[in-house]
Protein chains: 2
Amino acid sequence: MTLKKKRVKLEDIARKLNISIATVSRALDENPRVKLSTREKVFKTAKMMGYMPNQIAKSLSSGKTNLIGVIIPRYDESFFIEVCRGIDRYVRKHNYKILISSSRNSFEFERENLISFERGLVDGIILSPTHETETFVHIKSIINKGIPVVLFDNIREEVSGADHVLIEDDKASFSAVEFLIKKGRKRIAFIGGIKEKKVFQDRYDGYKKAMTKHNIPIYEELILHCESLDRENEDTEIQDFFNNISAIPDAVFTCTDNYGLLTMKTLLKMGYKIPEQISVIGFGDLGLGEIFVPSMTCIAQPSFEMGEKAAELLINQFNEPNDVNHRKKVLKLKTELILRDST
Amino acid sequence: MTLKKKRVKLEDIARKLNISIATVSRALDENPRVKLSTREKVFKTAKMMGYMPNQIAKSLSSGKTNLIGVIIPRYDESFFIEVCRGIDRYVRKHNYKILISSSRNSFEFERENLISFERGLVDGIILSPTHETETFVHIKSIINKGIPVVLFDNIREEVSGADHVLIEDDKASFSAVEFLIKKGRKRIAFIGGIKEKKVFQDRYDGYKKAMTKHNIPIYEELILHCESLDRENEDTEIQDFFNNISAIPDAVFTCTDNYGLLTMKTLLKMGYKIPEQISVIGFGDLGLGEIFVPSMTCIAQPSFEMGEKAAELLINQFNEPNDVNHRKKVLKLKTELILRDST
DNA sequence: TATAATAATACAAACGTTTGCATTTTTTTA
DNA sequence: TAAAAAAATGCAAACGTTTGTATTATTATA
């Protein structure tokens with residue numbers, strides 16, 4: 001039975017070599033102020049003794065933790081995971097790690113997470129607001145404490161007082177719906193998410209604009225604002241929608257990949273032919289649309305890149321003079337309509 | 001232009017109230033040694049001044065960071081994300097956060113990640129070894145430093161010197177293949193992943209055992225060990241496999257959900273009927289199998305629970321006397337064959 | 001009302017680094 | 001070869017907490 005060994009610290013190395021802690025610290029830092037021969041001795045001894053620097057002590061002393069807090073509304077949406085991957089990829093190059101929290105679609109959790117990050121654990125925060133987030137005060141309060149913040153996706157004007165990166169949701173959906181119209185479809189259904197969520201509002205707006213521009217009436221019956229917050233309920237909600245519709249549409253524009261896939265599943269099971277009778281478009285393009293049969297036409301949203309860009313904005317803030325009121329930067333990323341078999 | 005405010009610390013509260021730092025600290029801790037009236041004054045002042053404890057200082061002082069490091073082979077596999085969700089859910093109840101790193105399927109990255117966690121940033125580590133991981137020394141070295149470690153999934157005997165949680169891969173695939181056989185299928189193809197990965201070896205073993213038990217010949221031609229490490233390549237590898245096969249199988253057992261879906265896609269595009277001509281089984285059951293048309297029969301692996309259990313083992317270690325050589329705990333979780341339309 | 005017991009608070013070391021400045025050692029210069 | 005300059009090292013404070021022990025203030029006891 002071996003007991004836990006004590007960690008070796010600078011002091012241990014210093015004592016063994018009969019030099020001061022300061023010199024050991026500087027030697028390991030390759031500071032030119034210490035003689036080369038000393039540095040070599042220190043490195044050798046450190047290695048021999050199995051020295052590992054204490055990150056916490058370093059952080060306390062330097063005031064930097066090299067951690068970045070990321071708050072997303074939910075884990076089980078590939079979009080957010082992709083964004084996190086993008087963030088991770090970027091920040092690692094700059095020697096940061098990310099700490100991911102889910103706000104579980106709740107403003108209150110979002111606020112709690114934010115507060116827990118206020119305790120000096122992270123050097124900066126990247127956040128995607130929930131649909132419930134209608135105020136900016138909790139974020140502003142963080143910024144006022146001098147903690148850099150970057151937002152992505154689902155930004156309302158009221159919460160936009162920080163650097164952020166997004167796509168033009170309305171334009172993207174406008175062009176997708178217009179594409180359907182130009183293909184001759186007229187009875188176009190819309191499936192969005194929670195009405196309160198900005199991205200879904202924008203995508204709905206795009207849909208309406210396209211319909212209006214081409215003088216196509218918008219029927220309430222063909223509109224579904226999916227209220228579910230998890231996969232299973234989304235499924236039944238969409239099934240119910242199509243089961244209760246009086247006359248089947250000839251196209252469906254959906255606001256997420258998942259809605260699109262669930263729509264295709266439901267319609268296929270009801271016996272409809274895609275795309276012959278009904279076209280379907282998804283939003284996101286996170287891989288599954290390509291595998292489904294028929295493969296799904298999608299608006300491709302650059303999720304990974306969105307993460308990278310958000311990370312870049314944040315790291316840039318680290319290097320800027322700390323001006324709380326600096327002009328906020330907004331990055332709008334391009335989307336693309338990927339044509340596949342469902343249209 | 002407002003400049004960054006200085007954080008308020010215990011000292012500031014102490015000075016304002018003309019009491020000592022120690023008393024402030026104890027008051028905020030609700031330590032009964034401080035008078036109630038003092039405690040109340042301290043709380044009020046702390047709130048008024050916007051005090052937020054400094055997590056880093058706390059950690060340095062207490063020797064606990066309340067962070068847990070998680071190392072997974074890749075981000076873009078839902079299985080790992082699900083496990084992370086499970087871990088997160090469990091540890092949050094105990095006031096821990098998780099720090100996720102990807103080893104990108106590389107032993108070298110795994111080792112690097114492990115070393116970076118050795119710098120006192122985390123209180124414990126949960127790791128899923130890559131297919132390249134054939135030795136236990138890097139993990140043993142961590143454990144020897146007194147850092148609790150729990151492994152999950154893909155554990156070889158050689159790396160099993162730590163608590164771990166897994167499923168019985170061989171038995172799960174055995175029963176799935178036997179199910180196909182009992183349904184009258186004989187020409188059963190096997191699609192697995194990287195040959196070096198223990199889980200795929202085990203799943204292959206289960207396949208072979210089932211076939212052998214029922215005296216069905218195993219044809220090399222019907223075996224694919226997918227070597228790709230990303231989605232796109234998996235797709236083409238599977239397409240090639242079926243294009244080059246001399247006579248199509250009447251069933252395909254696959255080792256991940258993704259292989260299963262790609263298989264179905266390929267076969268449907270080739271014009272085959274599922275399940276009439278060919279049955280397909282996937283492994284994992286991470287949601288997509290249910291959406292696909294036809295829906296996919298799957299071995300359901302309790303990913304979320306796997307995460308929870310791994311987290312539980314870890315947190316238990318925190319509370320145990322620190323015995324490096326303690327008897328390792330092994331948890332085997334149940335799988336289940338979920339029958340759907342693809343069989 | 002002096003003394004003992006208890007309650008409340010303060011002091012200071014510790015956690016493991018970094019770093020400005022002081023000191024010592026070595027090298028250069030005259 | 002002594003003084004000046006440069007190089008190498010050391011001292012000690014700082015980062016913001018926690019906590020064991022010492023001290024002071026308050027209450028209880030005789």
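The figures here come from the full heavy-atom set of this structure, side chains too, leaving out hydrogens, waters and symmetry mates. To find a chain, count down the sequence lines: A is the first, B the second, and so on, and within it residues start at 1.
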A.B. asks: Looking at B:Glu11 and B:Arg15, is any side-chain nitrogen of the basic one under 4.0 Å from a carboxylate oxygen of the acidic one?
C.D. replies: yes

A.B. asks: Kindly say whether, by distance alone, the side chain of B:Arg7 makes a donor-acceptor pair under 3.5 Å with the base of D:dT17?
C.D. replies: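 Absent.
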
A.B. asks: Give a yes/no on whether any side-chain N or O of A:Ser61 is located under 4.0 angstrom from OP1 or OP2 of C:dT19.
C.D. replies: no

A.B. asks: So, is the end of the B:Lys309 side chain (NZ or CZ) under 6.0 Å from the ring centre of B:Phe152 and within 45° of the ring's axis?
C.D. replies: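 No.
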
A.B. asks: C:dC11 P sits how many Å from B:Arg15 CZ, rounded?
C.D. replies: 14 Å

A.B. asks: Look at A:Ser59 and C:dT17 and indicate whether a side-chain polar atom (N or O) is within less than 4.0 Å of OP1 or OP2.
C.D. replies: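 For C:dT17, OP1/OP2 do not have a side-chain N/O of A:Ser59 under 4.0 Å.
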
A.B. asks: Nearest whole Å is fine: how far is C:dT19 P from A:Leu10 CG?
C.D. replies: 12 Å

A.B. asks: CZ of B:Arg119 versus P of C:dT18: gap in Å, rounded?
C.D. replies: 11 Å

A.B. asks: Do the side chain of A:Arg26 and the base of D:dT9 come within less than 3.5 angstrom through a donor-acceptor pair of N or O atoms?
C.D. replies: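 It does not, because no donor-acceptor pair links the side chain of A:Arg26 to the base of D:dT9 below 3.5 Å.
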
A.B. asks: A:Thr23 side chain N/O closer than 4.0 Å to the phosphate oxygens (OP1, OP2) of D:dG10?
C.D. replies: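 Answer is yes, contact under 4.0 Å.
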
A.B. asks: Using a cut-off of strictly less than 4.0 Å, decide whether A:Ser20 has a side-chain nitrogen or oxygen near OP1 or OP2 of D:dG10.
C.D. replies: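 Yes, A:Ser20 has a side-chain N/O under 4.0 Å of OP1/OP2 on D:dG10.
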
A.B. asks: Hey, are B:Lys9 and B:Asp12 close enough for a salt bridge, meaning a charged N less than 4.0 Å from a carboxylate O?
C.D. replies: no

A.B. asks: Side chain of A:Tyr51, heavy atoms from C-beta onward: which of C:dT17, C:dC11, D:dA8 has the nearest atom to it?
C.D. replies: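 Nearest to the side-chain atoms of A:Tyr51, counting from C-beta on, is C:dT17.
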
A.B. asks: Whole Å only: how far is the CG atom of A:Leu17 from the P atom of D:dG10?
C.D. replies: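 Going from CG in A:Leu17 over to P in D:dG10 covers 10 Å.
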
A.B. asks: Classify B:Asn18 by what it touches in the nucleic acid, base, sugar-phosphate, or nothing, heavy-atom distance under 4.0 Å.
C.D. replies: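 The residue B:Asn18 makes sugar-phosphate contact but no base contact.
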
A.B. asks: Rounded to the nearest angstrom, tell me the gap between atom CD1 in B:Ile21 and atom C1' in D:dC15.
C.D. replies: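 Going from CD1 in B:Ile21 over to C1' in D:dC15 covers 12 Å.
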
A.B. asks: Would you mind telling me which of D:dC11, C:dC21, C:dA12 lies closest to the side-chain atoms of A:Arg33?
C.D. replies: C:dC21

A.B. asks: Closest-nucleotide mapping onto DNA chain C: is A:Ala57 or B:Val34 further toward the 5' terminus? I mean the 5' end.
C.D. replies: B:Val34

A.B. asks: Assess whether ring-ring contact (aromatic ring centres under 6.0 Å, His included) is satisfied between A:Phe318 and A:Tyr96, documenting all intermediate values.
C.D. replies: CA-CA 12 Å; A:Phe318 292 157; A:Tyr96 286 87; 5.3 Å; yes

A.B. asks: Any sub-3.5 Å donor-acceptor pair from A:Asp123's side-chain atoms to A:Ile68's backbone N or O?
C.D. replies: no

A.B. asks: Side-chain N or O of A:Lys58 less than 4.0 angstrom from OP1 or OP2 on C:dT17?
C.D. replies: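 For C:dT17, neither OP1 nor OP2 has a side-chain N or O of A:Lys58 closer than 4.0 Å.
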
A.B. asks: Using atom CD1 of B:Ile19 as one end and atom C1' of C:dA10 as the other, report the distance to the nearest whole Å.
C.D. replies: 10 Å

A.B. asks: Mind calculating the distance between CG (A:Leu60) and C1' (D:dT18) to the nearest angstrom?
C.D. replies: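 Going from A:Leu60 (CG) to D:dT18 (C1'), I get 13 Å.
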
A.B. asks: Taking 4.0 Å as the cut-off, does a side-chain nitrogen or oxygen of A:Ser25 come that near to OP1 or OP2 on C:dT18?
C.D. replies: yes

A.B. asks: Quickly work out the A:Asn31 CG to C:dT18 P distance and round it to whole Å.
C.D. replies: 11 Å

